[in-house]
Amino acid sequence: MSFRVRGLDPLQFTHLYGLPDPDLARFGARRHTVTAKPGFPDRVELRDLEIGETAILLNFEHQPAETAYRSRHAIFVKEGATEPADLLNVLPEVIRVRPISLRAFNDAGEMLDADLVDGADLVPLIERFFEQREVAYLHAHYAKRGCFAALITRSGSD
């Protein structure tokens with residue numbers, strides 16, 4: 001079964017790029033210089049940032065559905081990121097190297113299923129969830145801290 005893994009649209013974050021730290025704080029965000037790899041997973045390019053790069057830590061609503069599953073959590077975004085990852089039938093390394101909580105949602109934003117798996121073993125779980133016709137999309141979360149990692153859809157889905 002074909003699937004697509006997408007990074008977040010950077011246009012949601014460009015207003016934060018280059019802001020002085022006090023202005024970032026007004027948005028509830030903080031700038032970090034990357035000091036370890038892995039450790040700062042970017043949600044736009046879907047990669048671990050390199051030591052010395054700059055990340056913005058912010059709270060992001062990744063599940064805006066008007067259900068009990070509406071959710072927001074902390075994420076890192078590479079400061080200056082302009083091109084979101086868009087991968088077909090392949091998982092980015094940033095996901096493959098971490099334990100993942102995969103959550104399956106229907107069109108109404110209701111969670112239908114969820115499971116934990118090592119990122120290297122994620123593809124069979126993606127396929128199993130998408131075998132269920134009522135599953136509209138998947139959210140991958142980094143299991144250790146619970147942060148949203150990426151949106152996964154059937155290929156051809158928008």
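What you are looking at is a predicted structure, and each value in this text was computed from that prediction instead of being measured. Values below: every heavy atom of this structure, side chains too, minus hydrogens, waters and symmetry copies.
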The salt bridge (Lys or Arg N to Asp or Glu O under 4.0 Å) partners of D118 (sequence neighbours excluded) come to none
The salt bridge (Lys or Arg N to Asp or Glu O under 4.0 Å) partners of R96 (sequence neighbours excluded) come to none
Check: Do R70 side-chain atoms and E61 backbone N/O form a donor-acceptor pair below 3.5 Å?
Finding: no
Answer with yes or no whether the hydrophobic clustering places L116 together with I126; edges join I, L, V, M, F, W, Y residues whose side-chain heavy atoms lie under 4.5 Å apart. no
**Asked** Would R98 count as a cation-pi partner of Y142, with NZ or CZ less than 6.0 Å from the six-membered ring centre and within 45° of the ring normal?
**Response** yes
Closest heavy-atom pair, G109 versus T67, reported as atoms and distance to 0.1 Å, is O-OG1, 3.2 Å
With sequence neighbours left out, the residues meeting salt bridge (Lys or Arg N to Asp or Glu O under 4.0 Å) with E131 are none
Note: A114 and M111 closest approach over all heavy atoms is CB-SD, 4.0 Å
Sequence neighbours excluded, the answer for ring-ring contact (aromatic ring centres under 6.0 Å, His included) partners of Y17 is none
- prompt: Are the side chain of D42 and the backbone N or O of K78 linked by a donor-acceptor pair below 3.5 Å?
  reply: yes
Taken in chain and number order and not counting sequence neighbours, the residues that satisfy ring-ring contact (aromatic ring centres under 6.0 Å, His included) with F148 are H62, H139, H141
Those residues at least two apart in sequence (or on a different chain) that pass ring-ring contact (aromatic ring centres under 6.0 Å, His included) with Y69 are none
Checklist entry - Less than 4.5 Å apart, any side-chain heavy atom of L57 and any of F40? => result no
Nearest heavy-atom approach of N106 to A136 is C-CB, 3.7 Å
Non-hydrogen side-chain atoms of R43 and F60 separated by less than 4.5 Å | no
**Asked** Under a 4.0 Å N-O cut-off, is there an ion pair linking D113 with R103?
**Response** no
Full working for side-chain contact (heavy atoms from CB on, under 4.5 Å) between L102 and I152:
CA-CA 10 Å; L102 192 66; I152 303 172; 4.0 Å; yes
*asked:* I want to check something: taking the side chain as every heavy atom from C-beta on, are R128 and D115 in contact at a cut-off of under 4.5 Å?
replied: yes
Between V44 and A81 the two heavy atoms that sit nearest each other are CG1-CB, 3.8 Å
Salt bridge (Lys or Arg N to Asp or Glu O under 4.0 Å) filter on D21, not counting sequence neighbours, yields R31
Sorted by chain and number, sequence neighbours left out, side-chain contact (heavy atoms from CB on, under 4.5 Å) with V117 holds for D121, L122, L125
Fill in: Side chain to side chain, V5 and L151, heavy atoms closer than 4.5 Å
no
All heavy atoms of Q63 vs all of Y137, minimum pair found to be NE2-OH, 3.0 Å
Hydrophobic clustering (ILVMFWY, side-chain heavy atoms < 4.5 Å, transitive) - are I100 and F76 grouped together?
no
Hits for side-chain contact (heavy atoms from CB on, under 4.5 Å) against L16, two or more places apart or cross-chain, chain-then-number order -> L19, L24, F27, I56, L58
Contacts of H73 meeting ring-ring contact (aromatic ring centres under 6.0 Å, His included) (sequence neighbours excluded), chain-then-number -> none
| query | Any side-chain heavy atom of E53 sitting closer than 4.5 Å to one from E79? | reply | no
Applying the 4.5 Å side-chain criterion to the ILVMFWY set and letting contacts propagate, would L112 and F129 be lumped into a single cluster?
yes
Counting only pairs under 3.5 Å, give me each side-chain donor-acceptor contact of residues 83-94, with atom names and distances, residues two or more places apart or in other chains.
| unit_1 | atom_1 | unit_2 | atom_2 | d |
| --- | --- | --- | --- | --- |
| D86 | OD1 | R4 | NE | 2.6 |
| N89 | OD1 | F3 | N | 2.8 |

Across all chains, not counting sequence neighbours, the side-chain contact (heavy atoms from CB on, under 4.5 Å) partners of T82 are none
- R72 atom CZ, neighbour heavy-atom count above 12 within 6.0 Å: yes
Scanning both residues in full, the closest heavy-atom pair of V135 with L138 reads CG1-CD2, 3.7 Å
